[in-house]
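What follows is a set of notes on a single structure, which appears directly below.
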2 protein chains.
Amino acid sequence: MSSDAPPAKTPVTLREVAFAAGVSVATASKALNGQGRMTAQTRERIRETAQRLGFRPNSLAQSLLRKRSFTVGLLTNDTYGRFSLPLMAGVSDALVDAGVSVFLCNVEDDQRLGQLHVEAMLDKRVDGIIATGKRIDRHLPVDLANLRIPVIYAFTQPDPDAIGFESDDAGGARLAVEHFCALGRRRIAHVSGPASFTVVHERARAYREVLTEHGLPVAEPLLGHWSEAWGHEAVARLFDGTAGRGEKPDAVFCGNDQIARGVIDALRERGIGVPGDVGVIGFDNWEIVAEATRPPLTSVDMNLSALGREAGLALLSLVGGQPAAPGIRKLPCRLVVRQSCGRPPGG
Amino acid sequence: MSSDAPPAKTPVTLREVAFAAGVSVATASKALNGQGRMTAQTRERIRETAQRLGFRPNSLAQSLLRKRSFTVGLLTNDTYGRFSLPLMAGVSDALVDAGVSVFLCNVEDDQRLGQLHVEAMLDKRVDGIIATGKRIDRHLPVDLANLRIPVIYAFTQPDPDAIGFESDDAGGARLAVEHFCALGRRRIAHVSGPASFTVVHERARAYREVLTEHGLPVAEPLLGHWSEAWGHEAVARLFDGTAGRGEKPDAVFCGNDQIARGVIDALRERGIGVPGDVGVIGFDNWEIVAEATRPPLTSVDMNLSALGREAGLALLSLVGGQPAAPGIRKLPCRLVVRQSCGRPPGG
DNA sequence: GATGATTGGGAAAAGGTTTTCTCAGACGAG
DNA sequence: CTCGTCTGAGAAAACCTTTTCCCAATCATC
């Protein structure tokens, strides 16, 4: 299967192939690239020689000539977070098929480091840059505005007139609340993260809209932190009051899975059944959390991997010279149904 | 601060700098690199011209000539996992200071994809490769044995005669158990993951050794899964038996933080106090879990970021031509003390 | 057999940089 | 004034591949 050429200590060049095949480098190049005119026999002989010698063209030389490096930079400030990983996997997945490699650059929140990385990427003649981050409403600490190479933003705030990909958080929230409605829940609460996050407001707006559309009572969303502890506290506020039982929520839509986990734990401690008495839906579909809750958590998935794929493909198309309109593209979320809100009547 | 040159549509070359400064490219090159002989005045004039024009040397051309690309490949099969991220951050951190960029390649567990990526990296003339993964006792699905460029393994099984960096899991386990001993705990249980993991045995061995050294009773470790659910079940086995209270554990050393979380939750459900009645230590120091347990979890940290740094530096030194002995280097873990086992008498 | 078209293949430039070699001029010593 | 040395700077090769242009030989046609 593998060639039985000895493991060369130094890569074999086109010149060597040409010499071994008794032709010029020009002819060898054309033979291997399917260009030029020559007898089928000559072409085949050169191909065989190249194969036998284990020839692989030097990308550096090719890039220098073609002014295209088949390389892109992926800029992120999300070192440890969990959002950028699926996104990066999607990007990588979209690009590997085109033979494009990805420079990973973590800029933290350091402007100096960001500048450093961008310049390094420019020096290495990347064909384009994808910028991604840990917050959809924050800009990376780098200036990518006048770069003469294409830039795509994904899950981070784009420059004006640039192209950005985001999850449709409002749509995701709709999915969750509609799901509750379809199950016959009537008093749906919303517990979310800090007001400083744009997505908190987008989801809250969708929450209100859906409830209004269904003629259900709209409770003011409870804003706090993205933590389990806040989930606990929110349950205390929602369920420990003196209101009659009929006025307590029968569903809680949470801003992320950690809050949802806190909510579920707190409900269980109070002897309130999930999903029997109260349904719970989370956001992010962080499997390791969603599957560890008891019962397993129904959650909104932002399809980050698909988002990364789209960003990668968009960049590829830009690099290829296809024009594309600036603006933000929102990609739909999906609801992953587990067992924390009961099953829909029909399902 | 920034040069007021207009944003060039095409990068400025050395030739243009030389022309603008009225010298040859050779002289320009030497001026900018501090080589050759020329009047200080000429050198300065060329430097200023380069600065003014925003000249940045084309790395591709440099690499082609120097046979050194200032680029390394980072191979991983840990797409979504949490181990490779801190590790990658460490690698990146060690390399960025040397002006080296990192190609991120996710090979999943796909041999074909691995081969593809390795060849792409070789074509792009990376100076070296770092292989990392999600399991310390599994080999990546790629063959890096006879590659003519340096390879370093980190948190994945190395080839024989290669250089690998690993966390000292046995040492980490010792830290945990010694900590319990220092606190006066006498009946220390061990709940860990599946027997198919090498680290499970290493940690269990260290656990037994420390207990023996202290003359304490050694209970057979409970092996199960890396999940919260298993933590619950393990507590049932340990605490629901008919043994007298004096014979039940007063400490549980867990194989990871999720198990530890399950253990703590299960103990609380039984009315057993943590850390009052039973101390709990986890492994991995996954902050998002360790800080969400009630009380916050003391845990062993594998220092993955440092591991990545060391791996990066080792590769750099190898690329620089420094010889290095093959073998596995174990890096120490550290114990992150929170509140799940009480404070040491002295502390 | 002369002319033109076609075929197979090579020479050379290009891409941007580094480095070695070379050379012209200046300068000092005799 | 001549010889040798030193200084400043340029020419050219090298890295490896692709592509354009060109040439010689073959073939078909009249």
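Residue numbers begin at 1 in each chain, while the letters A, B, ... track the order of the sequences. In this text the structure is predicted, and so the values were computed from the model without any measurement.
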Heavy atoms under 4.0 Å, any strand shown: does A:S63 hit a base, just sugar-phosphate, or nothing?
nothing

ring-ring contact (aromatic ring centres under 6.0 Å, His included) pairs touching residues 43-62 of chain A, sequence neighbours excluded, are none

Show me the protein contacts with nucleotides 16-20 of chain D, counting only N or O atoms at under 3.5 Å.
residue	atom	partner	partner atom	Å
D:dC16	OP1	B:K67	NZ	3.0
D:dT17	OP1	A:N58	N	3.3
D:dT17	OP2	A:L14	N	2.4
D:dT18	OP1	A:Q62	NE2	2.7
D:dT18	OP2	A:S29	OG	3.0
D:dT18	OP2	A:N33	ND2	3.3

Name each donor-acceptor pair under 3.5 Å that joins a side chain in residues 119-126 of chain B to protein atoms two or more places apart or in another chain, with its distance.
residue	atom	partner	partner atom	Å
B:E119	OE2	B:Q115	NE2	3.0
B:D123	OD1	A:R56	NH1	3.1
B:D123	OD2	A:R56	NH1	2.8
B:K124	NZ	A:F70	O	3.0
B:K124	NZ	A:G99	O	3.4
B:K124	NZ	A:S101	OG	2.9
B:R125	NH1	B:L122	O	3.2
B:R125	NH1	B:D123	O	3.4

Pairwise salt bridge (Lys or Arg N to Asp or Glu O under 4.0 Å) hits with a residue in residues 99-109 of chain B, at least two apart:
B:D109-B:K134

Can you list the residues that meet the salt bridge (Lys or Arg N to Asp or Glu O under 4.0 Å) rule with B:R135, with sequence neighbours excluded?
B:D137

Without placing hydrogens or testing angles, list every side-chain donor-acceptor pair under 3.5 Å for residues 26-33 of chain B, not counting sequence neighbours.
residue	atom	partner	partner atom	Å
B:T27	OG1	B:S24	OG	3.1
B:S29	OG	B:N33	ND2	3.4
B:N33	ND2	B:S29	O	3.1

Between the first and last five pairs of the helix from C:dG1-D:dC30 to C:dG30-D:dC1, the angle of the axes, rounded to 10 degrees:
70°

In this structure, how many angstroms lie between the C1' atom of D:dC23 and the CZ atom of A:R37, rounded?
12 Å

With sequence neighbours left out, write down each residue that passes salt bridge (Lys or Arg N to Asp or Glu O under 4.0 Å) with A:K67, or none if nothing qualifies.
none

Min side-chain heavy-atom separation B:I163-B:L318 under 4.5 Å
yes

By salt bridge (Lys or Arg N to Asp or Glu O under 4.0 Å), which residues pair with B:D143, not counting sequence neighbours?
none

Between D:dG8 (P) and B:E44 (CD): distance, integer Å:
16 Å

For residues 82-97 of chain B, which side-chain donor-acceptor pairs fall under 3.5 Å, sequence neighbours excluded?
residue	atom	partner	partner atom	Å
B:R82	NH2	B:D284	O	2.9
B:S84	OG	B:D78	O	3.3
B:S84	OG	B:D78	OD2	3.0
B:D93	OD2	B:R309	NH1	2.6

Once salt bridge (Lys or Arg N to Asp or Glu O under 4.0 Å) is applied, what residue pairs with a partner in residues 13-23 of chain B remain, sequence neighbours excluded?
none

For chain A, the stretch of DNA chain C it reaches, first to last nucleotide, under 4.0 Å of its heavy atoms
C:dT7 to C:dG16

